[in-house]
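Every chain is numbered from 1 and lettered A, B, ... according to where its sequence line falls, protein lines coming before strand lines. Computed over heavy atoms, backbone and side chain alike; hydrogens, waters and symmetry mates excluded.
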Amino acid sequence: MKMTPAVLIVGALMVFWASTFIIVGLPSMTMKDYPSDIWRPLSPLEREGHRLYVRNGCSYCHSQFIRVSDWDIGAERIARAGDYAGIEPAILGSERTGPDLSQEGGEHSDDWNIAHFTNPRYTTPVSVMPAWDFLTVREIQALAAYVQALGGKDADLRHKRQRDWKRQAQVAYAGGVDRNIEWLHAQVPEVWRRMPNPYPATQAALQRGKRIYQQLCINCHSPIGDGNGPAQPFLGPPPLNFTILRRHLVENRYIGGIFYYQIMNGITGTAMPYFKKHLESEKIWDLANYLAVSFLGYTDANTEPRGIDASYEGNWQNPYPPPAVQESP
Amino acid sequence: MADFIHKPQSAALAFMVAGAVWFVVGAVYGMFSAIHLVAPEFLPHVAALVFGRERPVHINTMLYGFTGTMLIGSGLYYLPALLRTRLWSEPLAWVAFLFWNLTVLSGPVGFAFGLTQGREYNEYVWLADVSLVIAVACLIVDTGLTIAQRREPQLYVSVWYFMAALLWTACNYPLGNVMWHPSTGAMPGLIDSLFLWFWGHNLPGLLITPLATGAAYYVIPRVTRTPLNSHTLSLLGFWFLIALYSHIGGHHVLQSPIPNWLKTVSVVDSISMILPVSIVVINLWLTARGFGGRVWSDPSARLVMGGIVWYIITCIQGPLQSLPFLQRVTHFNNWTVGHAHIAMLGFGGYIALGAMWHVLPLVSGRPVYSQKLVNLQFGLITLGLTGFFLVLTMAGLVQGSAWHNGETVLRVLPEIAPFMVLRAALGIFILTGSLVGLFNLYMTLRPVPEPELLRRAEEAA
């Protein structure tokens, strides 16, 4: 075959267009942009947030589609074509340095999002996301509004739940420190309230708990557990001061199960996220022991009721006596 | 004053110098990005230097600015040389130079302030798109008319690739960038991901690959002083490339809800890419067979051959990672980042640099200031890039396997921190390599007295 200019130019273009017709032309003619069951239009503020999301390159670290093989946040909904109807551009993303955001709406409370955009490390100490505090307040609000809309109608359901519980949490917080804790404990199912931590609070376990505290908790609850971390000014109700829990043990004894439940499930409405996707059982119990020992000076680890010791356990005796019973005022 | 735009091969030289400058700019932005993935509070509160804004500057400057510009520069030299004529119009090539570099410039001055369309590899705003298309159109006219006025009857394979790269880009770019939607540069809905990755993958495949292949086809036989191994293989490689390449962008959204038949086409044609790639590599390898010493002892040819090696590694890895089962682990993480680096800096960048150093004395009439510095550049970049590839691939496997096993993205982040530290450290080698290259280029081209030139010529001989 001799490559003449005509063969080169005409041939290269013809093969190109034939090939392109298959991969771009056919889909353009056959793919329909119908909304899916969870789709809803974006509000003007949310659209503004979407523009900011696109212009600031959020998509270079956050994907927006959940695959069949995914476990992480949003994995309850595998992406469908209609989820993206009318979005221009719907950037699916190619990288997950941060979590997928396609179902982020309502995962966190509004104040958590504002704190997170201002400086991601306030809410998420290990994050490598840039701080967006150079954006205006209005822009951060728009971005938060967009993120809260991700997931469409499912997000709206979650977001409404966040707002409903926030009202109740704020009322409880306004009722004073002790009322607040009573309310928080009342939200924990009965079986968890009298459940001691089944893991011995050994030095190794406390070290592991400390590491998790530093990676996930420290910038809300602070290094001394008083709830005055750098995120605190953004959050209402503010993060819990653990040190006052000492006078709120259930039957002057139990706290492990309450810690476990609250860490696992979070407290929807407040900025406290759930950690059950991040941490498995032992890590949560270790963290609970760390909180109890460090900030309450007491843990219910390995107290009654308890079953048969697990095979790895040594002869660990709980050295922490429960606090003296306080006279009620 | 305007004499320089009529000087033969002045545009070729200008493109190559611009490419060397953009390499430094792109490497600086890459360095910042790498540091930010380790230390997000580095240079805080500088709006222009947050990861989401600096990453597109890095990528686009490296793709269009460094690799693309430098390869076009060498092409503007070898095109008339292979056709035994002059470039049809030197000023027209300068017009292309102006518009092309305006587009590249719109990255650092635009993205940093949020002026972007935000679609990966399609970030340039509409005006910059127009500017790029004008540049490509000028080059098409210039190339076409240079071919028309040729005195060499046969069109050598490098000419095919150079001409075709421009033709394909002129069609590809407006389509993938959805230029008929000027405000967003995007289609509404899921179908946009097909347009996006159509160009997203054709950019390396139908712009950089043919330019780099053309340059390699020019440099290698010249250095080995042997005829090209096979005309038939050249033909096969060329036509397979265009027949298959434009189909494979879909493998970037393989696990998204795009139609299944598109996924099948993407995967099958991704695997088939092994054909054109191995044909090109075999053809060049057989051309150089028996004369490896000539390639190895010529610093610029060594860079080109290094690029061919990266090409074969990239293009074995690429098809493999398009396989759905493997992609569950390799997608969305640093594995892909490693792949992109060996494709763009390894294949495209090495050949661009090699072709530039090879062509530079022919264009400027001066021997390269220091072949040792070319060697140093080769060493620095090879160390940096090999390290990059290994570190990023390992980090990607850690991420992908952990996610697959149920760990969350957040929990895996601290796990990859040591890899990100290594990656930033290795980036220093690449940045240094780009600076060494720019210095060498400057020292080659700066005005020097005649005896100095003679001394250099003697050394080179």
Side-chain angles (χ1 to χ4, degrees), chain A residues 1 3-5 8-9 12-13 15-17 19-20 22-24 27-28 30-31 33 54-61 63 65 67-73 79-81 84-92 94-99 121 124 126-134 215 277-278, chain B residues 36-37 40 44-45 47 50-53 55-56 114 116-120 144 147-148 155 160 163-164 167-168 171 175 184 186-195 198 235 239 242-243 246-247 249-250 252-253 255-257 259 262 265 328 332-333 336 403-404 406 408-411 413-414:
Chain A
M1 178 181 177
M3 284 288 261
T4 62
L8 171 62
I9 292 170
L13 287 176
V15 179
F16 171 82
W17 282 112
S19 184
T20 297
I22 296 174
I23 208 73
V24 176
S28 298
T30 54
M31 276 175 75
D33 200 23
V54 171
R55 285 174 43 195
N56 287 296
C58 305
S59 62
Y60 299 122
C61 290
S63 61
F65 70 99
R67 314 169 291 176
V68 282
S69 55
D70 282 332
W71 296 68
D72 203 345
I73 283 169
R80 290 180 211 165
Y84 308 95
I87 309 282
E88 184 179 323
I91 302 182
L92 300 186
S94 63
E95 198 70 17
R96 272 188 198 160
T97 306
R121 277 149 300 283
T124 317
V126 298
S127 170
V128 294
M129 178 167 138
W132 297 95
D133 50 359
F134 58 83
Q215 287 188 351
K277 287 195 187 254
H278 297 307
Chain B
H36 277 144
L37 286 175
H45 317 298
V50 293
F51 186 80
R53 295 180 176 189
R55 192 195 108 132
T116 169
Q117 294 184 333
R119 296 157 82 240
E120 209 172 347
I147 292 176
L155 297 184
W160 318 343
M163 182 66 185
L167 287 173
W168 294 331
C171 304
L175 197 55
T184 58
M187 298 287 284
L190 182 66
I191 196 168
D192 185 60
S193 59
L194 298 176
F195 281 85
F198 176 69
L235 279 170
W239 292 112
I242 179 55
S246 66
H247 284 179
H252 291 263
V253 280
Q255 301 161 92
S256 80
L262 274 172
V265 172
R328 286 184 192 177
F332 277 146
N333 54 49
T336 327
W403 299 344
H404 209 51
T408 58
V409 170
L410 177 65
R411 293 286 292 156
L413 213 46

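Within the model, atoms CZ of A:R80 and CG of B:L190 stand 13.5 Å from one another, a figure rounded to the nearest 0.5 Å. Within the model, atoms OG of B:S256 and OH of A:Y84 stand 7.0 Å from one another, a figure rounded to the nearest 0.5 Å. The CD atom of A:E95 lies 7.0 Å from the CG atom of B:N333; values are rounded to the nearest 0.5 Å. Atom OG of A:S63 is separated from atom CD of B:Q255 by 10.5 Å, given to the nearest 0.5 angstrom. If you take CZ on B:F51 and SG on A:C58, they are separated by 12.0 Å, rounding to the nearest 0.5 Å. Expressed to the nearest 0.5 Å, how far CG of A:D33 lies from CD1 of B:I191 amounts to 8.5 Å.
Ranking A:A81, A:S59, A:C61 against chain B, the residue ahead of the rest is A:A81, based on heavy-atom pairs under 4.5 Å. The greatest number of non-hydrogen atom pairs below 4.5 Å with chain B, out of A:A90, A:A79, A:P27, A:G86, is found for A:P27. Contacts with chain A were tallied for B:C171, B:G249, B:P259; B:C171 has the most, counting heavy-atom pairs under 4.5 Å. Looking only at heavy-atom pairs under 4.5 Å with chain A, the residue among B:P56, B:A148, B:A164, B:G250 that has the most is B:P56. With chain A as the partner, the residue from B:L167, B:V265, B:D192 showing the most heavy-atom pairs under 4.5 Å is B:L167. Between chain B and the residues A:G98, A:A131, A:S127, the largest count of heavy-atom pairs under 4.5 Å involves A:G98.
For chain A, the nearby parts of B:S246 are the backbone and the side chain; heavy atoms of each come within less than 4.5 Å. Interface residue B:L235: only side-chain heavy atoms are found under 4.5 Å from chain A. Using a 4.5 Å cut-off between heavy atoms, A:T4 touches chain B through its backbone atoms (N, CA, C, O) alone. Looking at B:R55, the atoms closer than 4.5 Å to chain A (heavy atoms on both sides) all sit in the side chain, from C-beta outward. When heavy atoms are compared at a cutoff of 4.5 Å, B:I147 approaches chain A solely by way of its side chain, counted from C-beta outward. Proximity to chain A (any heavy atom under 4.5 Å) is restricted, for B:M187, to the backbone atoms N, CA, C and O. Residue A:I9 touches chain B through both its backbone and its side chain, counting heavy-atom pairs closer than 4.5 Å. Neither the backbone nor the side chain of B:P44 comes within contact range of chain A; no heavy atoms are under 4.5 Å apart. Heavy-atom distances place both the backbone and the side chain of A:I22 under 4.5 Å from chain B.
In this structure the side chain of B:H36 never reaches within 4.5 angstrom of the side chain of A:V128, judged on heavy atoms. You'll find the side chain of A:P99 stays beyond 4.5 Å of the side chain of B:L410, heavy atoms only. At least one side-chain heavy atom of A:M31 sits under 4.5 Å from a side-chain heavy atom of B:L194. Within the 4.5 Å cutoff, the side chain of B:P40 has no heavy atoms near those of the A:M129 side chain. Between A:S69 and B:W403 the shortest side-chain heavy-atom distance does not fall below 4.5 Å. When side chains are defined from C-beta on, B:P188 does not count as touching A:I87, because their heavy atoms never get closer than 4.5 Å. Taking the side chain as every heavy atom from C-beta outward, B:V50 and A:F134 approach each other to under 4.5 Å.
The main-chain N or O of A:A12 is never found under 3.5 Å from a side-chain atom of B:W239 such that the two would form a donor-acceptor pair. Under the 3.5 Å distance criterion, the side-chain polar atoms of B:T408 are left unmatched by any main-chain donor or acceptor of A:H278. For A:N56 (side chain) and B:G52 (main-chain N/O), no donor-acceptor pair under 3.5 Å exists by modelled atom type.
Across all non-hydrogen atoms, the minimal contact from A:V54 to B:T116 is O-CG2, 4.4 Å. B:G118 and A:I91 make their closest contact through O-CD1, 3.2 Å (heavy atoms, listed as atom of the first residue, atom of the second, distance).
Judged purely by distance below 3.5 Å, without hydrogens or angles, the side chains of B:H247 and A:S19 pair a donor atom with an acceptor atom. Side chains of B:Q117 and A:R55: a donor-acceptor N/O pair is absent below 3.5 angstrom, by distance only.
Scanning for ring pair (Phe, Tyr, Trp, His ring centres under 6.0 Å) contacts around A:F65 gives B:F332, with sequence neighbours left out.
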Give the C-alpha distance, both sets of side-chain angles, the deciding distance and a yes or no for side-chain contact (heavy atoms from CB on, under 4.5 Å) between A:K277 and B:R411.
CA-CA 10 Å; A:K277 287 195 187 254; B:R411 293 286 292 156; over 6 Å; no
